[in-house]
Peer 1: 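Supplied in structure tokens, the structure appears directly below.
Counting begins at 1 with the first residue of the sequence. Everything quoted here is computed from the prediction, not taken from an experiment.
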Amino acid sequence: MTVLAPAERLPADPREERVRRVLVVGGGSAGWMAAAALATALSREIAVVLVESEALGTVGVGEATIPPIQQFNRFLKLDERRFLSETQGTFKLGIEFHHWGQVGDAYLHQFGGVGREIDTLVKLHHWWLAGRLTDRGADGGSDGGDYPEWQDLHMARGLARENRFAPPGPARRELANRYTYAYHFDAQLYARHLRAAAEARGVRRVEGRIVGVERATGSGGESGDVVAAVVLADGERLAADLFLDCSGFRSLLLGGALGEPFDDWSRWIPNDRALAAPTARDPGAPLTPYTKGIAHAVGWQWRIPLQHRTGNGHVFASAFSSEAEAEQRLLGCLATAPLAEPRLIRFTTGRRSRASVGNVVAIGLAAGFLEPLESTSLHLVQSALERLIALFPSRRMDAPLRDRFNERTRAEWEDVRDFIIAHYKLTQRRDSEFWRYTAHMEVPDSLAAILELWRARGVLGVDGGHLFQLASWASVLIGQRFLPEGVHALADRAGPDFAAAQVRAIAAEVRAAAAGAPEHAVFVAGYRAAHERAAAVAQPRGRAIR
């Protein structure tokens, strides 16, 4: 790709300040999420164009999401039944982690809060910790009694344990409704679904491979340089006022044309390779309403249940494992035969120093990469689009709006980064060089402060803007055996026997409430059938032939 000579300056007439044309560079999930969101939010007077090349393809392995995706789909007015049918989707109550604390361990990072709180002053995990005092044996752990695990106090876990699912009811204060959900789906089918929605709202798609980028001198980035147009292989020139870089790892505009530097985070998250291999659905196996994250001697493996197949992949570090060894690990852990040869994806964990420069905003992989351990890839696309819409610029590319966008983006990426690092840092495994490295590595100061505060008295030091709140952090910290050294001072208002009795009662309520939900597979089949019936009714009938 070549960077062409500067074009003309942008006009300075205030009457011409409104953005009139947006160009989305790249398709896939990120590109079509961007196009659909802008077509929904912006005036029809603002043209939205997307350029992509079918020859380049997309990464397209992201199949698991987190609950905010519901908000995004509602914003786009997507019908949930149709969306799940057309993307071969299933429901997701959380992520089940295997072998992360110690080999043999398993815990669920479940979506939603605990079944209920005991009082308003001290959070339930403190009472759970206090109640454990009644069941401790000589080794300081459980004596094998009936004291519940922390995850057993969550409705999502109760459902997931029995492979059951139904949407929560409207009375969210009731224990039976104290959970939420996300989705598993085929990412390429999701992009196709969004493309239909975007084009119906006026988005124009252009097929073509970008070979050049024209720069202009205007009031955009710090240096005054902005992008004026991209040039396709057939010579077509696509100009715009605002460019959304959704070009994936290539970061065609932000990293390529504008040269925004990349902050490498691989010292904290050393994985830099992934192998992806879909497999056939096992008709005899239950349709699990959760993702699995299975730790290996090096890295980990994802397992994602869809209606038509199972998504599998192995994330690993080339410094600790060859690609051949990683492929052997993946193929040796597949439940059914692979539908295709494992596909290798190379990456570096980190992000561009700024996500918005001049009149370019990078979305998704063009802005950076965090491995999909907590299924945040599509969420980072979603949140960037929500910020962009809230801080939508004029043609002057207002610096205060851009600075705010960049600061909020930096904070979110670092928050998610720290949450992912915690999984590796808090391992008790020492059975391989990989896990010994992650257990002993230095971590960012921001994460160190969170862990130190929790270690002292079980207090979580994150603010309300953090994507992951108490329920999520407690799932990982407790699930990986990183328990506080002391019980909250206010938890001594009642004895351990009282706390233990309350905890057992909540766990029993969760089990009873979950038992009444339908099996996940039955619910998904019914949801799809309801969509097909509704589609058949809505289908225009042909005129009778006489």
Side-chain angles (χ1 to χ4, degrees), residues 59-65 84 87-110 151 156-157 159-165 181-190 271 273-316 321 323-345 371-375 377 423 429 432 479 518-525 528:
V59 173
V61 299
E63 296 167 327
T65 59
L84 283 170
T87 64
Q88 296 289 332
T90 61
F91 293 93
K92 176 181 175 181
L93 293 166
I95 307 169
E96 188 174 74
F97 290 95
H98 292 255
H99 313 308
W100 283 82
Q102 295 180 0
V103 174
D105 285 354
Y107 69 91
L108 186 78
H109 168 199
Q110 71 290 311
Q151 60 185 330
R157 180 58 190 174
L159 293 166
R161 191 185 300 278
E162 303 297 328
N163 294 312
R164 297 180 181 276
F165 178 82
Y181 63 89
Y183 310 106
H184 307 114
F185 52 69
D186 185 310
Q188 294 183 346
L189 295 180
Y190 185 52
N271 293 323
R273 301 283 192 277
L275 285 164
T279 57
R281 280 271 303 128
D282 180 356
L287 186 65
T288 57
Y290 52 87
T291 304
K292 283 188 177 181
I294 307 165
H296 290 301
V298 178
W300 60 280
Q301 173 188 348
W302 73 75
R303 186 174 297 163
I304 300 172
L306 306 180
Q307 292 184 40
H308 64 318
R309 61 175 171 82
T310 299
N312 303 274
H314 178 25
V315 179
F316 65 99
S321 171
E323 293 172 4
E325 291 169 335
E327 182 171 329
Q328 185 177 14
R329 281 193 298 272
L330 174 62
L331 295 178
C333 294
L334 299 180
T336 58
L339 299 173
E341 290 294 320
R343 181 160 63 101
L344 179 67
I345 302 165
E371 63 178 56
L373 182 62
E374 283 287 350
S375 306
S377 298
H423 296 66
R429 295 181 60 164
S432 71
E519 293 182 7
H520 181 219
V522 172
F523 186 86
V524 169
R528 179 162 192 150

Peer 1: Among residues at least two apart in sequence or on other chains, which ones pass salt bridge (charged side-chain N to carboxylate O under 4.0 Å, His left out) with Arg303?
Peer 2: none
Peer 1: Run the side-chain donor-acceptor check on residues 323-334: report pairs under 3.5 Å with partners two or more places apart or on a different chain.
Peer 2:
from, atom 1, to, atom 2, distance (Å)
Glu323, OE2, Arg273, NE, 3.3
Glu323, OE2, Arg346, NH2, 3.2
Glu325, OE1, Ser322, N, 2.9
Glu325, OE1, Ser322, OG, 3.3
Arg329, NE, His314, NE2, 3.0
Arg329, NH1, Ser321, OG, 3.4
Arg329, NH2, His314, NE2, 3.3
Arg329, NH2, Ser321, OG, 2.7

Peer 1: When rounded to the nearest 0.5 angstrom, what distance separates CG in Leu84 from OH in Tyr190?
Peer 2: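 Reported to 0.5 Å precision, the distance equals 10.5 Å.
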Peer 1: Looking only at heavy atoms, which two atoms of Leu108 and Gln110 are closest? And how far apart?
Peer 2: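 Shortest heavy-atom contact: O-OE1, 2.9 Å.
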Peer 1: Quick one: ring-ring contact (aromatic ring centres under 6.0 Å, His included) partners of Phe523, sequence neighbours excluded?
Peer 2: Phe91, Phe165, Tyr527
Peer 1: Would you mind writing out the side-chain donor-acceptor pairs for residues 288-299 within the sub-3.5 Å range, not counting sequence neighbours?
Peer 2:
from, atom 1, to, atom 2, distance (Å)
Thr291, OG1, His184, NE2, 2.8
His296, NE2, Gln301, OE1, 2.9

Peer 1: Using the test side-chain hydrogen bond (donor to acceptor under 3.5 Å, both in side chains), find all partners of Glu374 that sit at least two apart in sequence or belong to another chain.
Peer 2: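 With neighbours one apart ignored, the set is His109, His423.
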Peer 1: Report yes or no: do Trp300 and Glu371 form a side-chain donor-acceptor pair below 3.5 Å?
Peer 2: yes
Peer 1: Return the set of residues passing side-chain hydrogen bond (donor to acceptor under 3.5 Å, both in side chains) with Asn163 (not counting sequence neighbours), or none when no residue passes.
Peer 2: none
Peer 1: Without hydrogens or angle criteria, can the side chains of Arg528 and Gln307 be said to hold a donor-acceptor pair below 3.5 Å?
Peer 2: yes
Peer 1: Asn312: which residues meet the side-chain hydrogen bond (donor to acceptor under 3.5 Å, both in side chains) condition with it, sequence neighbours left out?
Peer 2: Thr279
Peer 1: Could you pull out the closest heavy-atom pair between Gly311 and Glu63, with the gap in Å?
Peer 2: CA-OE1, 3.4 Å
Peer 1: Excluding sequence neighbours, so at least two apart, what forms side-chain contact (heavy atoms from CB on, under 4.5 Å) with Ala280?
Peer 2: Thr336, Leu339
Peer 1: How many angstroms lie between atom CG of Asn271 and atom CG of Leu373, to the nearest 0.5 angstrom?
Peer 2: 9.0 Å
Peer 1: Locate the shortest heavy-atom distance separating Ala64 from Ile304; write the atom from each residue and the value.
Peer 2: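 Shortest heavy-atom contact: CB-CD1, 3.9 Å.
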Peer 1: On the 0 to 90° scale, with breaks at 30° and 60°, tag the Trp100-Phe97 ring pair as parallel, tilted or perpendicular.
Peer 2: perpendicular
Peer 1: Do Val103 and Arg429 come close enough that some side-chain heavy atom pair is under 4.5 Å?
Peer 2: yes
Peer 1: Which residues pass the salt bridge (charged side-chain N to carboxylate O under 4.0 Å, His left out) test with Arg161, sequence neighbours left out?
Peer 2: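 Salt bridge (charged side-chain N to carboxylate O under 4.0 Å, His left out) check on Arg161 returns Asp152.
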Peer 1: Using the rule given for side-chain contact (heavy atoms from CB on, under 4.5 Å), can you reason through His520 versus Leu159, listing the C-alpha separation, both sets of side-chain angles and the distance that settles it, and then say yes or no?
Peer 2: CA-CA 9 Å; His520 181 219; Leu159 293 166; over 6 Å; no
Peer 1: Please examine the side chains of Tyr183 and Thr87, heavy atoms only from C-beta on, and report whether any two atoms are closer than 4.5 Å.
Peer 2: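 A side-chain contact is absent here, since even the closest heavy-atom pair is not under 4.5 Å.
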Peer 1: Write down the atom of Val524, the atom of Gly89, and the distance for their closest heavy-atom approach.
Peer 2: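 So the minimum-distance heavy-atom pair works out to CG1-O, 4.1 Å.
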Peer 1: Side chains of Arg281 and Gln88, heavy atoms from C-beta outward: is any pair under 4.5 Å?
Peer 2: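 Of all side-chain heavy-atom pairs linking Gln88 with Arg281, none is under 4.5 Å.
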Peer 1: Does any pair with a residue in residues 87-97 pass salt bridge (Lys or Arg N to Asp or Glu O under 4.0 Å), and if so which ones, sequence neighbours excluded?
Peer 2: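 Counting only pairs at least two positions apart or across chains, the salt bridge (Lys or Arg N to Asp or Glu O under 4.0 Å) contacts touching residues 87-97 are Glu96-Arg157.
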Peer 1: By salt bridge (charged side-chain N to carboxylate O under 4.0 Å, His left out), which residues pair with Arg164, not counting sequence neighbours?
Peer 2: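 Testing Arg164 for salt bridge (charged side-chain N to carboxylate O under 4.0 Å, His left out), a comparison that skips the adjacent residues, returns none.
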Peer 1: How long is the straight-line distance from CG of Leu287 back to OG1 of Thr90, given to the nearest 0.5 Å?
Peer 2: 5.5 Å
